[in-house]
Amino acid sequence: MLSVSEAEATIFNLVSPLDNQQDMEIVDLLAADSRILASAVASQLDFPYWDNSAMDGYAVRYADVQQATQQQPVILEIVEEIPAGYQPQSTIRPGQAARIFTGAVMPAGADTVVMQENTQRQEKRVLILTAPQKPQEFVRQRAACYEAGTQLLPPGIMLHGSEIAVLATAQCTQVSVYRRPRVAIFSTGNELVPPENPLQPGQIVDSNQYALAALVRQSGAEPLMLGIVPDEPAALEKAIAYAVSNADIVISSGGVSVGDYDYVEQIIKSLEGKIQIQAVAMKPGKPLTVATFRDQVIYFGLPGNPASALVTFWRFVQPTIKKVSGLVDGWQPKFIKALNHQELRSNGKWETYFWGKLHLQNGIYEFQLAGGSQSSGNLINLAQTNALAVMAVGQTLIPSGEEVQVLLN
């Protein structure tokens, strides 16, 4: 049995990000949100595109106004008005100024903007009442933020609103992104039925497949739902063979313990898969199977109990999906320290996970244990949780009021 850290290292070393040409696709900018950029982006445009004003005021020559005071204002002739989107027609000469608005192009000859609060308008003249502190004050210089031809965005980042804005500004209307990883999902068990079926005695509604599909989408991948597979070797072999031929990652739930009807591991071996992990010293989630197939397909056989399935997904599968997706940074599990509000107990034999709510209170992260049983079969109190408190091997008690390590879901 591997420790959690050994299992993590094994899994993350097994997977590689999508990086082949056939794993890339071109999408329109509006479809690029939450996608992973596959190629570095450069633009032929500077940013700002041209020198422009950062204030409403007057474009002037610094040499003309550097001595201006309330007692001895400098009087300048207004030769032009320049709104945003207008190309200036005049060159500012000694003794002249142009009325200018925020974002408007600076006229030739002017090097500084005096904001309107420090001026007084007198028909076609303006009185400069306060000298600028320095030349080029309130002027946004061309290429100050970005120089054309240099790298604008690196590959391997997730595109969100701010990155989309940058791409739009650079007039990149189409971008190269990695395709979303395909994740096959199925549940195993003769006792399982889909949610739409009437429930008969002894049957269990299959919640795992729906939960895992939602989590896969949230992780940036495409779920391929294969339904419920009965505990029959032929049916399981067909499902697993299809899954590893059509997906980058395969997730099954159930059928990976030591019961008489748990056939998954022997079928993996019969299909020439290589078992990498058979159990992990964690609670919940001990009966975790991880295997690899040809073409770098990785298989996760998750426990059937709902809490166990979700905890092992959050701990191992979610970061795997993010790494495979091509994300360079930020795919690793995220841990923080939080103030614990309930007494947490464990037998200390395994790394133990408790689900609950993490929130920020007065600048301090606090963890609130979910109410009710922390049984691996209790999925009800998993609702609205967003974090897992972690007790290390050998740790048997974390009193209320002490810090606890927390894994963000």
Side-chain angles (χ1 to χ4, degrees), residues 29 33 37 40-154 157 159-173 329 360-364:
L29 189 56
D33 181 46
L37 190 63
V41 174
S43 174
Q44 298 310 305
L45 299 172
D46 292 322
F47 190 80
Y49 310 125
W50 41 70
D51 292 354
N52 69 91
S53 176
M55 285 283 184
D56 290 349
Y58 293 87
V60 301
R61 299 170 68 252
Y62 178 76
D64 286 346
V65 299
Q66 59 182 320
Q67 303 299 327
T69 65
Q70 294 273 354
Q71 293 74 29
Q72 292 185 313
V74 172
I75 302 173
L76 302 175
E77 177 191 5
I78 301 171
V79 296
E80 188 172 16
E81 183 168 296
I82 310 171
Y86 173 79
Q87 179 61 42
Q89 303 298 309
S90 302
T91 296
I92 304 304
R93 305 190 185 282
Q96 296 180 337
R99 177 72 167 120
I100 197 166
F101 296 88
T102 302
V105 178
M106 289 290 291
D111 58 14
T112 301
V113 172
V114 179
M115 62 180 181
Q116 64 186 23
E117 290 85 348
N118 293 332
T119 67
Q120 182 178 330
R121 181 78 178 258
Q122 290 183 346
E123 298 182 351
K124 293 186 178 182
R125 300 187 308 170
V126 59
L127 278 62
I128 307 300
L129 305 176
T130 304
Q133 294 184 11
K134 58 185 178 181
Q136 300 180 350
E137 189 168 55
F138 300 125
V139 176
R140 302 177 182 134
Q141 298 294 320
R142 176 175 179 170
C145 300
Y146 171 77
E147 186 176 347
T150 60
Q151 180 172 282
L152 184 64
L153 293 176
I157 63 170
L159 301 174
H160 288 309
S162 55
E163 292 80 18
I164 298 295
V166 168
L167 291 167
T169 294
Q171 295 189 319
C172 297
T173 58
D329 295 312
L360 191 62
Q361 186 73 27
N362 297 324
I364 298 173

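For reference, positions follow the sequence shown, starting with 1. Side-chain atoms are counted along with the backbone in the values below, which use heavy atoms only and exclude waters and symmetry mates.
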How about Arg61 and Gln96: does a side-chain donor come under 3.5 Å of a side-chain acceptor? no
Pro154 and Gln151 have their tightest heavy-atom pair at CB-NE2, 3.4 Å
From the list Gln120, Arg121, Gln70, side-chain contact (heavy atoms from CB on, under 4.5 Å) partner of Leu127 resolves to Gln120
To check you understand the geometry: which heavy-atom pair defines the closest contact between Val65 and Ala131, and what is its length? O-CB, 3.4 Å
Asp56 side, atom CG; Ile100 side, atom CD1 - distance, nearest 0.5 Å: 9.5 Å
To the nearest 0.5 Å, tell me how far Met106 CE sits from Gln136 CD. 9.0 Å
Answer whether the closest heavy-atom distance between the side chains of Leu45 and Tyr146 falls below 4.5 Å. no
Least distance between heavy atoms, Thr112 atom then Tyr62 atom: OG1-CB, 3.4 Å
Does any part of the side chain of Ile164, heavy atoms only, come nearer than 4.5 Å to the side chain of Leu29, both counted from C-beta? yes
Go through the steps to decide whether Tyr49 and Val105 satisfy the test side chain to side chain contact (heavy atoms under 4.5 Å, CB included), and finish with yes or no. CA-CA 9 Å; Tyr49 310 125; Val105 178; over 6 Å; no
Report the distance from atom CD1 of Ile78 to atom OG of Ser90, rounding to the nearest 0.5 Å. 12.5 Å
Show your reasoning for whether side chain to side chain contact (heavy atoms under 4.5 Å, CB included) applies to Ile92 and Val60. CA-CA 7 Å; Ile92 304 304; Val60 301; 5.9 Å; no
How far apart are the closest heavy atoms of Asp33 and Gly161, and which atoms are they? OD1-N, 4.4 Å
State, yes or no, whether a side-chain contact exists between Leu167 and Leu159 at a heavy-atom distance under 4.5 Å. yes
Do the side-chain N and O atoms of Gln122 and Arg125 include a donor-acceptor pair separated by under 3.5 angstrom? yes
Euclidean distance, Gln67 CD relative to Gln72 CD, rounded to 0.5 Å: 9.5 Å
Please confirm whether the backbone N or O of His160 pairs with a side-chain atom of Glu163, one donor and one acceptor, at under 3.5 Å? yes
For atom CD of Glu147, decide whether the heavy atoms of other residues, nucleotides or ligands shown that lie under 6.0 angstrom number more than 12. no
Distance, nearest 0.5 Å, that separates OG of Ser53 from CZ of Arg99: 9.5 Å
In the structure I gave you, are the side-chain heavy atoms of Tyr58 and Leu76 within less than 4.5 Å of one another anywhere? no
Where do Ala84 and Gly103 come nearest, in terms of heavy atoms and distance? CB-C, 4.4 Å
Separation between CG of Asp111 and CG of Asp64, rounded to the nearest 0.5 Å: 9.0 Å
Of all heavy-atom pairs linking Thr102 and Arg140, the shortest is CG2-NH2, 4.1 Å
With a sphere of 6.0 Å drawn around CD of Glu117, does it hold more than 12 non-hydrogen atoms of other residues, nucleotides or ligands? yes
